[in-house]
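Worksheet for the structure shown next.
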Amino acid sequence: MIPFIFLLQFTVSVASTSLNDSSDAIISQIKDGREQRELDYFKLTLQWPGTVCKGTDSCCSSNACCNRSGGFADFTIHGLWPDYNDGTWPSCCNGTSFDEKEIHTLLDPLKKYWPSLSCSSSTCHGGKGSFWAHEWEKHGTCSYPVIRDEYSYFLTTLNVFFKYNVTKVLNDAGYLPSNTEKYPLGGIVSAVENAFHVTPSLACSEGALQELRLCFYKDLKPRDCVQTDSQNGIISSNFSCPQYVSLPAIDPSGNIFKFVDSSRQYPSA
Ligand SMILES: *[C@@H]1O[C@H](CO)[C@@H](O)[C@H](O)[C@H]1NC(C)=O
Ligand SMILES: *[C@@H]1O[C@H](CO)[C@@H](O)[C@H](O)[C@H]1NC(C)=O
Ligand SMILES: *[C@@H]1O[C@H](CO)[C@@H](O)[C@H](O)[C@H]1NC(C)=O
Ligand SMILES: *[C@@H]1O[C@H](CO)[C@@H](O)[C@H](O)[C@H]1NC(C)=O
Ligand SMILES: *[C@@H]1O[C@H](CO)[C@@H](O)[C@H](O)[C@H]1NC(C)=O
């Protein structure tokens with residue numbers, strides 16, 4: 001556990017040295033020349049592999065869904081997303097390309113807690129790349145100036161993920177992975193509220209919990225997630241979640257793949 005202690009200590013310095021208000025109003029330049037204003041808050045988006053992996057329709061070495069020996073009983077990281085209070089968000093803010101060398105010291109925890117659940121993802125430069133490349137280029141670059149570089153982006157995200165263990169909160173409340181049970185959405189929300197004193201937002205797919213988001217001020221203190229719809233109408237705070245949701249288990253012996261349409265668009269993915 002020593003590495004985690006190291007990580008946690010690091011967060012403090014990342015947060016405290018980089019905070020500066022609108023006096024500093026750094027405007028990130030995005031590719032087409034539009035200016036992007038500084039973020040209002042962060043959204044840590046977690047994904048439930050049991051739900052995401054049901055949509056898997058092709059396998060490859062980089063898709064952790066296909067690694068049946070792995071098994072997943074925990075939420076994994078989707079990304080740390082800068083957001084605006086009006087429900088919109090910036091994306092692809094900088095020409096800075098992802099470079100895996102920058103995060104080579106973080107690869108072990110990243111593989112474990114931030115696995116790719118698909119074969120490849122789109123980059124901001126019109127190409128295909130890794131999931132990490134997608135998250136850094138689309139979202140991470142827009143964290144500036146609160147988070148100033150790729151290494152800090154991944155480190156900060158891991159730290160926040162370690163600090164707010166949603167899997168533990170749900171397990172402790174009796175919400176365990178299951179292919180038969182359904183759990184009350186309000187109970188899941190209450191469990192998180194009781195643990196962290198803030199309201200998360202949830203997204204579902206076909207009645208199964210797919211994403212759970214926790215929101216944070218720029219100093220990484222928790223805050224409620226914004227409950228408004230986005231400008232383009234894609235996402236609402238409880239996107240498509242029914243009153244009772246499932247938390248599907250991955251069967252380690254295989255047969256987890258329904259080969260359903262994996263081109264579905266998830267909110268703010
Ligand atoms: C914010 O930025 C200004 C100008 O760069 C600097 O003088 C000031 O000390 C900074 N404030 C904090 C709290 O870091
Ligand atoms: C598959 O799972 C094993 C066991 O957890 C792990 O060692 C390996 O790195 C995983 N491979 C991929 C591609 O995720
Ligand atoms: C944005 O791009 C500039 C110049 O290309 C670079 O100096 C800066 O570090 C980048 N910012 C981030 C957050 O990557
Ligand atoms: C979160 O809690 C679960 C259940 O207690 C545990 O298995 C897991 O290792 C924890 N995750 C982290 C990142 O500490
Ligand atoms: C979902 O959101 C709508 C409005 O945003 C609200 O009226 C409704 O009660 C919410 N449903 C649940 C299950 O939280």
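Only heavy atoms go into these numbers, but all of them, side chains included; no hydrogens, no water, no symmetry mates. This is a predicted model, so every value here is computed, not measured. Whatever order the structure lists ligands and atoms in, that order sets their numbers, starting from 1.
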- Task: Quick one: do C66 and C59 satisfy disulfide bond (SG atoms under 2.5 Å apart)? Show the steps, please.
- Result: CA-CA 6 Å; C66 306; C59 275; 2.2 Å; yes
- Do E211 and F75 have side chains that get closer than 4.5 Å, going by heavy atoms? no
- Query: Can you name the nearest heavy-atom pair linking L220 to F216, along with the distance?
  - Reply: O-CD2, 3.3 Å
- Going by the order shown, which atoms of ligand 4 are within less than 4.0 Å of some heavy atom of F162? 13 (C)
- Item | E38/K218 under salt bridge (Lys or Arg N to Asp or Glu O under 4.0 Å): CA gap, chis, key distance, verdict | CA-CA 10 Å; E38 187 176 330; K218 286 190 274 186; 3.0 Å; yes
- Could you list which atoms of ligand 4 come closer than 4.0 Å to a heavy atom of Y113? 13 (C)
- Item | Interfacing atoms of ligand 4 (cut-off 4.0 Å, heavy-atom, K168) | 2 (O), 5 (O)
- Message: I'd like to check which ligand 4 atoms, numbered from 1 as shown, lie under 4.0 Å from a non-hydrogen atom of F161.
- Response: 13 (C)
